[in-house]
Amino acid sequence: MSTTVQKNEIPSFNLSEEQNLIEATVKEIAQKEFAPRAAEIDRNHRFPRENWEILVQSGLVGLPFPEEYGGAGLDHVSYAIVVEELASACATTSVMYSAHVSLCATPVFIFGSAQQKERLLKPLCLGEKMGAFALSEPGSGSDSAAATCMAKEQGDNFILNGAKNWITNGKEADYYLVIAQTDRALKHKGLVALIVEKGSAGFSFGKLEDKLGIKGSSTCQIIFENTPVPKENMLGNIGDGFKVAMVTLDGGRIGIAAQAVGIAQGAWNHALAYAKEREAFGQRICDFEAIRLMFAEMQTEIDAARLLTHHASIAQDNGLHFTKEAAIAKLYASEVAMRSTVKCVQIFGGYGYVSDYPAERYMRDAKITEIYEGTSEIQRLVIANQLLKGN
Ligand code: CAA
């Protein structure tokens with residue numbers, strides 16, 4: 001069955017020659033290397049380390065960072081294109097990638113000192129280290145300021161105690177950006193952002209989560225028991241942790257929007273290939289008006305979601321404030337991914353309900369985009385807060 005991405009013939013909105021080249025290159029890698037493994041990874045809940053190695057060898061894991069740190073020096077529209085193409089083939093691979101780039105390397109780039117960028121960002125850009133982000137806790141998901149994982153100052157170190165939940169790249173990462181509390185009375189103003197290295201004393205892992213989708217992604221709790229973290233691994237100052245988390249999530253949400261667009265487009269492609277082959281009542285099911293209208297509706301929404309995603313990336317590349325644009329893109333794209341993948345299952349009929357065909361996997365993978373890096377309800381809150389600021 002063909003999995004070729006069916007975008008219209010008009011060149012994508014505002015894409016440069018370089019961005020078109022990135023799209024074509026990553027599409028080829030994703031369809032050749034990642035798409036054929038996606039079902040097996042899902043079935044076996046297997047972290048695809050070999051996919052990470054391919055991303056590293058292709059020079060993609062440092063894509064939006066300057067060449068002096070081992071990055072490729074490309075823009076965030078290119079980054080969104082890469083995430084979309086990966087997700088169209090394998091959602092697990094796209095989130096492994098976006099968590100590394102958006103949630104760990106990016107805050108080191110934005111908030112790190114020159115020395116920290118040299119020491120921490122370079123290995124992330126070169127793929128010698130994989131990154132993860134640790135904000136949510138067993139008792140605090142949407143309410144990030146309520147974090148209770150404690151960081152107490154002790155000489156040149158912070159001593160960490162507590163647990164963090166839902167960590168993408170959980171057992172596989174090397175560097176974890178951990179948001180911890182130095183003084184509960186200060187609430188969000190007491191938070192600190194620390195890079196914690198795997199292998200630190202008292203740093204252990206909880207069980208791998210058995211998830212509905214993105215099953216190859218390694219998601220687990222991480223636990224700190226008197227874990228020393230050198231102060232030289234703090235991004236910014238004590239009290240900057242909440243800002244680091246929010247700025248990081250602004251960028252991360254564009255990545256999730258791009259992931260949602262890729263999942264929706266990937267499912268659409270599979271559904272079209274199926275609808276062209278499958279016959280009922282003496283004709284191909286893609287010749288029935290009911291089915292044709294579904295394809296039209298889905299592609300309209302997917303194109304709109306892609307444009308919103310690139311719009312947010314362009315704002316980011318131009319150094320503009322993009323909190324609202326990122327939240328709008330994530331909110332819309334994730335809901336489009338859910339609606340589209342449900343329709344794709346419907347087009348497959350009974351075959352959409354069994355794992356022999358890819359439709360049900362795309363539907364399961366789509367759901368998480370409405371939840372992680374801020375639920376759809378949180379995105380609505382962020383958008384409203386930005387729209388009504390000062391009123
Ligand atoms: N950029 C910079 N600063 C920001 C900001 C932003 N986007 N948003 C808020 N701030 C600042 C505010 O200006 C304010 O600063 P001052 O104290 O100096 O005035 C401060 O932060 C507090 O802001 P709020 O009062 O708006 O904060 P709040 O407590 O009401 O929370 C929230 C706001 C939007 C609900 C926020 O908590 C939030 O985004 N929650 C969702 C968290 C989330 O997305 N979690 C997902 C975790 S990651 C993940 O999914 C796992 C993975 O690995 C993929």
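We count ligands from 1, going down the list as the structure has it; atoms in each ligand are counted the same way.
Residue Phe133 approaches ligand 1 through these ligand atoms, each under 4.0 Å from one of its heavy atoms: 48 (S). Within ligand 1, counting atoms from 1 as listed, the ones closer than 4.0 Å to a heavy atom of Thr323 are 7 (N). Those atoms of ligand 1 with a heavy atom of Val382 less than 4.0 angstrom away are 34 (C). Close approach to Gly374 involves these atoms of ligand 1, each under 4.0 Å from a residue heavy atom: 43 (C), 44 (O), 46 (C).
For a threshold of 3.5 Å applied to N or O pairs, the pair formed by Ser136 and ligand 1 contains no separation below that value. The shortest N/O to N/O separation between Thr168 and ligand 1 falls below 3.5 Å. Annotation: Asp250 places an N or O atom under 3.5 Å from an N or O atom of ligand 1; distance criterion only. At under 3.5 Å, not a single nitrogen or oxygen of Lys243, backbone or side chain, sits near a nitrogen or oxygen of ligand 1.
Ser142 O, 3.4 Å is the protein heavy atom nearest to atom 41 (C) of ligand 1. Nearest to atom 2 (C) of ligand 1 among the protein's heavy atoms is Val247 CG2, 3.8 Å. Closest to atom 50 (O) of ligand 1 among all protein heavy atoms lies Glu373 N, 2.7 Å. The protein atom (non-hydrogen) at minimum distance from atom 42 (C) of ligand 1 is Ser144 OG, 3.1 Å. At the top of the distance list for atom 20 (C) of ligand 1, counting protein heavy atoms only, stands His188 NE2, 3.5 Å. Of all protein heavy atoms, the one closest to atom 9 (C) of ligand 1 is Met246 CG, 3.9 Å.
If you check the side chains of Lys211 and Ser217, you find no donor sitting under 3.5 Å from an acceptor. Side-chain contact check for Asn169 and Ser218: no donor-acceptor pair (N or O, by modelled atom type) lies under 3.5 Å. Inspection of the Asp250 and Thr323 side chains reveals an N or O donor paired with an N or O acceptor under 3.5 Å. Side-chain atoms of Gln115 and Glu232 form no donor-acceptor pair, as typed in the model, at a separation below 3.5 Å. In the model, Ser136 has no side-chain atom that pairs as donor or acceptor with a side-chain atom of Tyr372 under 3.5 Å. Between Asp75 and Ser78, the side chains place a donor N or O and an acceptor N or O closer than 3.5 Å (distance only, hydrogens not considered).
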**Message:** For Gln299 and Gln265: C-alpha separation, side-chain torsions, deciding distance, then whether side-chain contact (heavy atoms from CB on, under 4.5 Å) applies.
**Reply:** CA-CA 8 Å; Gln299 194 60 61; Gln265 189 69 68; 3.0 Å; yes
**Prompt:** Does the side-chain hydrogen bond (donor to acceptor under 3.5 Å, both in side chains) test come out yes or no for Asn233 and Arg119, once each step is laid out?
**Reply:** CA-CA 10 Å; Asn233 281 14; Arg119 185 166 58 86; 3.0 Å; yes
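Taking the six-membered ring where the residue is Trp, Tyr176 and Phe205 present tilted rings, their angle falling between 30° and 60°.
Protein non-hydrogen atoms do reach within 4.0 Å of atom 27 (O) of ligand 1. Within a 4.0 Å radius of atom 24 (P) of ligand 1, the protein contributes no heavy atom.
Within 6.0 Å of CD on Glu225 lie no more than 12 heavy atoms contributed by other residues, nucleotides or ligands.
With Phe322, Tyr372, Phe242 as candidates, the residue nearest to atom 11 (C) of ligand 1 on a non-hydrogen basis is Phe242. With distances taken over non-hydrogen atoms, the option nearest atom 18 (O) of ligand 1 out of Glu137, Lys330, Lys189, His321 is Lys189.
Judged by the 6.0 Å distance and 45° axis criteria, Lys171 is not positioned over the aromatic ring of Phe47.
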